[in-house]
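Each chain gets a letter, A, B and so on, in the order the sequences are listed, and its residues count up from 1.
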Amino acid sequence: MKIASFNINGVNGRLPVLLRWLAEAEPDAVCLQELKSPDEKFPIDAIREAGYGAIWHGQKSWNGVAILARGTDPLETRRGLPGDDDDHQSRYLEAAVKGVLIGCLYLPNGNPAPGPKFDYKLRWLGRFANHAADLMATGAPVVLAGDYNVIPTELDVYKPEHWVDDALFRPEVREAFHRLLDAGWTDAIRSLHPEASIYTFWDYLRNAWGRDAGLRLDHLLLSPTLAPRLLAAGVHRDVRGWEKASDHAPVWIEITDAEAGTKRRAARSSKRRPKE
DNA sequence: ATGGCGGAGTGACTCCGA
């Protein structure tokens, strides 16, 4: 099963990019961010024709998240991040797809920092950590996928010294991300590629793509019950070079299906299995 | 590297993203 996350940067303006990528990559489940579309303008007909069911939480002009599922409809479990009834930005959507609970998030950018936008980002991170802990406590296989707007380490940015005061890289933000890892979440890409320089975003400005001046901002975090099923992870870099591309590239994982995962875990615990 | 590029909402500009 392939699960991907893609900050599409305008789902209507970039619909040809989305449809081409769905046809080429054939992900089983997709988290989209930055729809920049009100609910009534979400291109559900074209997405259904491409073979996907979908749920979405849009908003005029900005934000907006969606979950797509190939050949089926996502089973919605939550709309909006709990913890603040006054927060009306469309940044969190959650659904079950083929036995996996998928949280789709678009974390606030937070610039300029310091300031009210940065404060909102830190509050959002706190609410997110609380909800993530609740999800983990259920024991369900969970992936939290999306645009975190967090550069986790110096390895995840082309020139760390240019970003020290930026809301994507400030210590408070990095520490919040690492507290998630300490709590038991697995950064899928980093767990399989511990040393590699991997980016998911390249600015439109200053020929960032041509210079490979990128950032790793889009992440898939796996619960302890899902992490053992991780087979592969990567970034569809070439999509960033397409005509009318988003400034983000899709990030993806492949996991064993639920039945195979159960067999694997059973095999691992078996006394007959030789030590790895 | 504080200008750039690009989308959306409106209708030459603004706001916003990262």
Side-chain angles (χ1 to χ4, degrees), chain A residues 5-21 31-43 46 56-66 87-92 104-122 124-125 128 145-174 176-177 197-219 235 237 239-251:
Chain A
S5 178
F6 189 7
N7 180 321
I8 192 69
N9 190 9
V11 71
N12 288 305
R14 245 173 272 290
L15 188 57
V17 169
L18 176 62
L19 296 177
R20 176 181 168 191
W21 170 67
C31 294
L32 296 178
Q33 302 86 32
E34 281 211 77
L35 303 179
K36 295 186 173 177
S37 167
D39 279 337
E40 62 273 20
K41 290 190 179 167
F42 184 79
W56 59 96
H57 190 197
Q59 179 178 336
K60 196 172 166 184
S61 304
W62 303 302
N63 307 322
V65 284
D87 182 2
H88 299 298
Q89 300 190 24
S90 299
R91 295 183 176 276
Y92 188 82
C104 173
L105 65 137
Y106 175 47
L107 222 137
N109 173 294
N111 276 307
K117 291 189 173 180
F118 190 63
D119 295 341
Y120 173 60
K121 179 176 196 171
L122 294 181
W124 209 97
L125 272 163
F128 180 66
D147 179 357
Y148 281 68
N149 271 315
V150 176
I151 302 167
T153 72
E154 296 195 343
L155 190 54
D156 301 309
V157 47
Y158 65 102
K159 246 182 203 184
E161 61 271 24
H162 286 176
W163 292 84
V164 283
D165 291 325
D166 193 280
L168 308 183
F169 199 47
R170 284 181 53 118
E172 306 94 309
V173 168
R174 275 191 272 171
F177 187 83
S197 179
I198 296 172
Y199 304 140
T200 66
F201 166 87
W202 297 259
D203 206 310
Y204 290 120
L205 314 178
R206 303 180 212 101
N207 190 32
W209 169 242
R211 297 185 296 129
D212 194 27
L215 312 171
R216 191 169 74 98
L217 304 179
D218 303 87
H219 310 297
V235 177
R237 267 181 69 103
V239 177
R240 180 59 181 83
W242 289 358
E243 184 96 8
K244 298 276 285 177
S246 168
D247 41 5
H248 293 251
V251 54

| request: Name the orientation class of the two ring planes belonging to W202(A) and Y199(A) (parallel below 30°, tilted from 30 to 60°, perpendicular beyond 60°). | output: perpendicular
| Distance between P atoms of dG6(B) and dG11(B) (Å, rounded) | 24 Å
| task | Return the minimal non-hydrogen interatomic distance between N149(A) and K121(A), and the atom names on each side. | result | O-NZ, 2.6 Å
| task | Please work out whether dG11(B) sits syn or anti, treating a glycosidic angle within 90° of 0 as syn. | result | anti
| message | Between dA1(B) and dC13(B), how many Å separate the two C1' atoms, rounded to a whole number? | response | 26 Å
| task | Looking at every strand, decide which applies to D147(A) at a 4.0 Å heavy-atom threshold: base, sugar-phosphate, or nothing. | result | sugar-phosphate
| query | Any side-chain donor-acceptor pair under 3.5 Å between N7(A) and E34(A)? | reply | yes
| request: Decide, yes or no, whether a salt bridge links E172(A) with R170(A) under the criterion of side-chain N to carboxylate O below 4.0 Å. | output: yes
| query | For N149(A), which contact category applies under a 4.0 Å heavy-atom criterion: base, sugar-phosphate, or nothing? | reply | sugar-phosphate
| field | Given DNA chain B, 5'-ward residue of the pair Y204(A) and L107(A), judged by closest heavy atom | value | Y204(A)
| field | Sugar-phosphate, base or nothing in reach of D218(A), heavy atoms under 4.0 Å | value | nothing
| message | For the CD atom on E40(A), are there more than 12 heavy atoms of other groups (residues, nucleotides or ligands in this structure) within a distance under 6.0 Å? | response | yes
| query | Does NZ or CZ of R174(A) come closer than 6.0 Å to the centre of the six-membered ring of F169(A), within 45° of the ring's axis? | reply | yes
| said: Under a 3.5 Å distance rule, please check whether H219(A) uses its side chain to pair with a backbone N or O of V150(A) as donor and acceptor. | reply: yes
| request: Name the nucleic acid region contacted by Y106(A), choosing base, sugar-phosphate or nothing; use a 4.0 angstrom heavy-atom cut-off, strictly under. | output: sugar-phosphate
| remark: Taking for R91(A) and for Q59(A) the nucleotide of DNA chain B with the nearest heavy atom, the one nearer the 5' end belongs to Q59(A)
| Using atom P of each nucleotide, how far apart are dG7(B) and dA18(B) to the nearest Å? | 14 Å
| task | Might you confirm whether atom CG of D119(A) has over 12 heavy atoms from other residues, nucleotides or ligands at distances under 6.0 Å? | result | yes
| said: Taking the P atom in each of dT10(B) and dC16(B), what is the distance between them to the nearest angstrom? | reply: 15 Å
| said: For a 4.0 angstrom threshold against heavy atoms of chain A, report the outermost contacting nucleotides of DNA chain B in 5' to 3' order. | reply: dA1(B) to dA18(B)
| task | Check each residue of residues 109-118 of chain A for a non-hydrogen atom within less than 4.0 Å of any atom in DNA chain B, then write out the ones that pass by number, or none. | result | N109(A), K117(A)
| NZ/NE/NH1/NH2 to OD/OE distance under 4.0 Å, R240(A) and D212(A) | no
